[in-house]
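Here's the structure we're looking at; comments come further down.
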Amino acid sequence: MGVAAEICDALAARGITHTFAIQELTLPIALSGTDLIGQARTGMGKTYGFGVPLLDRVFDAADVPELDGSPRGLVVVPTRELAVQVANDLAIAAAQIPVRVATILGGRDFDEQRATLRAGVDVVVGTPGRLLDLYQRKDLRLDKVSVLVLDEADEMLDLGFMPDIEKILAALSDF
């Protein structure tokens with residue numbers, strides 16, 4: 001797959017040993033740091049299509065600054081349920097590398113999420129509203145994010161999240 005062996009080993013330990021078409025197409029592009037848009041039906045492997053290269057780049061890419069507890073990867077999703085699912089999938093793939101994944105979303109204890117961010121995270125998966133809230137309160141740093149994923153971007157636009165997405169993009173220093 002062209003990614004760290006530890007990521008492949010973590011996936012293999014969960015019985016994930018073959019790639020889907022979306023992954024075969026996106027991995028080389030995403031690993032190079034090039035922007036891309038991917039589309040596939042539900043259940044066709046999109047999360048690992050963006051998640052595996054995100055984790056690999058955060059863990060081992062020369063153009064991504066060393067991990068220091070501030071987020072290097074950000075995945076923005078439209079719903080709480082999707083945030084939990086994506087974060088769980090990323091945690092599975094990151095099980096054998098020192099990359100910490102946090103889920104940030106509304107409907108959960110605010111102070112607990114603030115404490116998680118203060119303790120240090122490398123990849124944040126969250127919903128636009130809570131991400132912005134924590135950013136505006138200076139609890140979430142976005143200035144060192146090197147890899148951004150807008151998962152189900154069409155759904156976020158349909159739900160009226162465009163202003164929030166624009167604010168998040170403005171907060172990122174390299175985008």
Side-chain angles (χ1 to χ4, degrees), residues 3-4 6-7 10 26-27 29-36 38 46-153 156 161-175:
V3 300
E6 295 92 338
I7 295 173
T26 60
L27 281 170
I29 298 167
L31 286 169
S32 73
T34 302
D35 293 344
L36 66 95
K46 290 182 301 289
T47 300
Y48 286 132
F50 68 74
V52 167
L54 178 147
L55 291 170
D56 188 73
R57 289 184 44 74
V58 166
F59 173 58
D60 199 28
D63 63 335
V64 176
E66 265 321 291
L67 300 178
D68 67 359
S70 59
R72 298 296 189 261
L74 177 64
V75 181
V76 185
V77 299
T79 66
R80 290 181 267 188
E81 296 78 14
L82 185 58
V84 170
Q85 180 252 311
V86 168
N88 287 340
D89 286 348
L90 294 182
I92 288 168
Q96 296 183 22
I97 59 175
V99 171
R100 297 162 292 181
V101 178
T103 311
I104 302 296
L105 51 108
R108 293 252 177 108
D109 185 83
F110 195 81
D111 290 329
E112 185 178 305
Q113 291 179 10
R114 291 174 68 201
T116 297
L117 292 169
R118 277 194 301 275
V121 299
D122 306 305
V123 176
V124 173
V125 179
T127 54
R130 182 56 62 98
L131 290 170
L132 273 178
D133 195 10
L134 287 166
Y135 170 74
Q136 291 166 344
R137 294 172 187 251
K138 302 206 184 313
D139 292 309
L140 173 62
R141 290 187 59 186
L142 296 175
D143 59 317
K144 294 186 179 180
V145 169
S146 296
V147 183
L148 170 68
V149 173
L150 301 176
D151 191 10
E152 295 195 10
M156 283 191 280
F161 285 122
M162 186 63 177
D164 290 347
I165 298 302
E166 288 174 338
K167 289 175 187 169
I168 290 169
L169 290 173
L172 303 174
S173 63
D174 293 328
F175 288 90

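Heads up: numbering here begins at 1 and tracks the sequence. Just so you know, these numbers use all the heavy atoms, side chains as well, and skip hydrogens, waters and symmetry mates.
The side chain to side chain contact (heavy atoms under 4.5 Å, CB included) search around S32 returns T34, not counting sequence neighbours. Partners of R141 under the salt bridge (charged side-chain N to carboxylate O under 4.0 Å, His left out) rule, at least two apart in sequence or in another chain, are D143. In this structure P128 satisfies the side chain to side chain contact (heavy atoms under 4.5 Å, CB included) test together with V76, M156, F161, D164, I165, I168, sequence neighbours excluded. With sequence neighbours excluded, the residues forming a salt bridge (charged side-chain N to carboxylate O under 4.0 Å, His left out) with R137 are D133, listed by chain and number. By the salt bridge (charged side-chain N to carboxylate O under 4.0 Å, His left out) test, R130 pairs with no residue at all, sequence neighbours left out. Applying the side chain to side chain donor-acceptor pair (under 3.5 Å) criterion to D139, with sequence neighbours excluded, gives R114. For D56, there are no salt bridge (charged side-chain N to carboxylate O under 4.0 Å, His left out) partners at least two apart in sequence or on another chain. The side chain to side chain donor-acceptor pair (under 3.5 Å) test applied to T116 returns no partner, not counting sequence neighbours.
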Test log, rule side chain to side chain contact (heavy atoms under 4.5 Å, CB included), inputs I104 and V121: CA-CA 11 Å; I104 302 296; V121 299; over 6 Å; no

Is there a side chain to side chain contact (heavy atoms under 4.5 Å, CB included) between L169 and L148 once you walk through the steps? CA-CA 9 Å; L169 290 173; L148 170 68; 3.3 Å; yes

Determine whether L134 and F110 satisfy the following criterion, side chain to side chain contact (heavy atoms under 4.5 Å, CB included), listing intermediate values before the conclusion. CA-CA 9 Å; L134 287 166; F110 195 81; 3.5 Å; yes

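Side-chain atoms of V125 and D151, non-hydrogen and from C-beta on, never get closer than 4.5 Å to each other. Within the 4.5 Å cutoff, the side chain of P71 has heavy atoms near those of the L140 side chain.
Of all non-hydrogen atoms in L142 and A171, the two that sit nearest each other are CD1-CB, 3.7 Å. Closest of all the heavy-atom pairs between P53 and L27 is CD-CD2, 3.3 Å. For the pair I97 and E6, the tightest heavy-atom approach, listed with the atom from each and the gap, is CG2-CB, 3.5 Å. Listed here is the closest heavy atom pair of D111 and D109: N-OD2, 3.2 Å.
Side chain of E152 to backbone of V77: no donor-acceptor contact under 3.5 angstrom is found.
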Would you mind writing out the side-chain donor-acceptor pairs for residues 86-96 within the sub-3.5 Å range, not counting sequence neighbours?
from	atom 1	to	atom 2	distance (Å)
N88	ND2	V84	O	3.2
D89	OD2	Q85	NE2	2.6

Below 3.5 Å, can you tabulate the donor-acceptor pairs from side chains in residues 58-67 to any protein atom, sequence neighbours excluded?
from	atom 1	to	atom 2	distance (Å)
D63	OD1	R57	NH1	3.3
D63	OD1	R57	NH2	3.4
D63	OD2	R57	NH2	3.0

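Here the CG-OH distance, from L54 to Y48, works out to 13.0 Å after rounding to the nearest 0.5 Å.
Note on residues 94-104: pairs passing salt bridge (Lys or Arg N to Asp or Glu O under 4.0 Å), not counting sequence neighbours, are R100-D122. Contacts classified as salt bridge (Lys or Arg N to Asp or Glu O under 4.0 Å) and involving residues 71-81 (residues at least two apart or in different chains) are given here: D68-R72.
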